[in-house]
Engineer: 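Shown below is the structure under consideration.
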Amino acid sequence: NQNYWMAENQFAHLVKILIEISKYHIITGKLEEIERSVEPIIGQLNQTGLPLDIDVVKNIRNHYLAKQREYAQKIFQVAGFEFEIGKRDQIEIALKNEGFWIGKRTNKIVLDSLIRKGSHLAALIKRYRQLQRIASNGQSLIKYYDRFSRRLRPVWHQNKALTGRILSEGPCISNISKPYRAAVCGTGYQCVYFDFRN
């Protein structure tokens, strides 16, 4: 496949560039300088945590759980029977009854294709999954919330991600869904929410 080989060659070229950049930073001492300057920031992040209003999180999560149940009923109404929405084979049966066929997957790409073809059921399942992810995200925040300090306690890593970016886990801060605006600002501070993708 010509496109595959082009992509592979481009990737190999990118790797060479990154290696050269790394060599330059190591030789000039810049890499060590950058890493050392980040260490105290990582330490502070791990020590401080994120003040969080857990009641706000619970209310938002409960709202999306209710919306998820609402969409489940809509799905069952369109399908004409109840089934496990998370199982591919059962989704396949429901979509066949609507007049649509799927392959081995029921991911977003497949659902979007069926939606363009006019599948009302695929649109409902897609929205149901979105609501499910948001509700699940809220549950993750509740799980890792420290009730004694009233803070979220993610663990930050400086060198764990292959991309070189700072990584947080338990939970991953970058994966907190937009609806969860529950951070508590200290006196004299303001909370700012932003997204690099927009």
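These figures come from a predicted structure and were not determined experimentally. In this chain, residues are counted from 1 in sequence order. Every heavy atom of this structure was used, including side-chain atoms; hydrogens, water molecules and symmetry mates were not.
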Engineer: Considering only heavy atoms from C-beta outward, does the side chain of Leu95 approach that of Ser119 to under 4.5 Å?
Structural biologist: yes
Engineer: Might you point out which heavy atoms bring Ile42 and Trp156 nearest each other, and give the distance in Å?
Structural biologist: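 Of all heavy-atom pairs spanning Ile42 and Trp156, the closest is CG2-O, 3.8 Å.
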Engineer: So how far is it from Ile91 CD1 to Ile125 CD1, rounded to the nearest 0.5 Å?
Structural biologist: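 With rounding to 0.5 Å, CD1 (Ile91) is 4.5 Å from CD1 (Ile125).
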Engineer: State, to 0.1 Å, how close Leu65 and Ala135 come at their nearest heavy-atom pair, and which atoms those are.
Structural biologist: CD2-CB, 3.7 Å
Engineer: Between atom CD of Gln90 and atom CZ of Arg88, what is the distance when rounded to the nearest 0.5 Å?
Structural biologist: 11.0 Å
Engineer: For residues 66-80, which side-chain donor-acceptor pairs fall under 3.5 Å, sequence neighbours excluded?
Structural biologist:
residue, atom, partner, partner atom, Å
Gln68, NE2, Tyr128, OH, 3.2

Engineer: Test of understanding: with side-chain hydrogen bond (donor to acceptor under 3.5 Å, both in side chains), list the residues that count as partners of Glu82, not counting sequence neighbours.
Structural biologist: none
Engineer: Test: salt bridge (charged side-chain N to carboxylate O under 4.0 Å, His left out). Region: residues 117-142. Which pairs qualify, not counting sequence neighbours?
Structural biologist: Asp112-Lys126
Engineer: Using side-chain contact (heavy atoms from CB on, under 4.5 Å) as the criterion, list what pairs up with Asn97, not counting sequence neighbours.
Structural biologist: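 Partners of Asn97 by the side-chain contact (heavy atoms from CB on, under 4.5 Å) criterion, ordered by chain and then number, come out as Phe81, Ile93.
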Engineer: If I compare all heavy atoms of Gly138 with all of Val57, which pair ends up nearest, and what's the gap?
Structural biologist: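 Closest approach of Gly138 to Val57: O-CG1, 3.8 Å.
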Engineer: Who passes side-chain hydrogen bond (donor to acceptor under 3.5 Å, both in side chains) against His157, sequence neighbours left out?
Structural biologist: Glu169
Engineer: Ser140: which residues meet the side-chain contact (heavy atoms from CB on, under 4.5 Å) condition with it, sequence neighbours left out?
Structural biologist: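 Residues passing side-chain contact (heavy atoms from CB on, under 4.5 Å) with Ser140: Tyr144, Pro171.
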Engineer: Between Ala122 and Leu114, which heavy-atom pair has the shortest distance, and what is it?
Structural biologist: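 Looking at all heavy atoms of both residues, the shortest contact is CB-CB, 3.7 Å.
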Engineer: For Phe148, which residues count as a ring pair (Phe, Tyr, Trp, His ring centres under 6.0 Å) partner, sequence neighbours excluded?
Structural biologist: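 So Phe148 forms no ring pair (Phe, Tyr, Trp, His ring centres under 6.0 Å) with any residue.
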Engineer: Got a sec, which pairs hit salt bridge (charged side-chain N to carboxylate O under 4.0 Å, His left out) with one end in residues 147-156, sequence neighbours left out?
Structural biologist: Asp146-Arg153
Engineer: Nearest 0.5 Å please: distance from the NE2 atom of His63 over to the CG atom of Leu131.
Structural biologist: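 Atom-to-atom, His63:NE2 and Leu131:CG are 8.0 Å apart.
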Engineer: Is a side-chain donor or acceptor of Tyr180 paired with a backbone partner of Ile134 at a separation under 3.5 angstrom?
Structural biologist: yes
Engineer: Does Gln139 have any side-chain contact (heavy atoms from CB on, under 4.5 Å) partners at least two apart in sequence or in another chain, and if so, which?
Structural biologist: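 Gln139 satisfies side-chain contact (heavy atoms from CB on, under 4.5 Å) with Arg61, Ile142 once adjacent residues are dropped.
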Engineer: Show your working on side-chain contact (heavy atoms from CB on, under 4.5 Å) between Leu121 and Phe100 and close with a plain yes or no.
Structural biologist: CA-CA 10 Å; Leu121 189 58; Phe100 295 95; over 6 Å; no
Engineer: Just how far is it from atom CG of Asp89 to atom CD of Glu84, taken to the nearest 0.5 Å?
Structural biologist: 8.5 Å
Engineer: For residues 47-54, run the donor-acceptor check on the side chains, cut-off 3.5 Å, and write out each pair with its distance to 0.1 Å, sequence neighbours left out.
Structural biologist:
residue, atom, partner, partner atom, Å
Thr48, OG1, Gln44, O, 2.8
Asp53, OD1, Asp55, N, 3.2
Asp53, OD1, Val56, N, 3.4

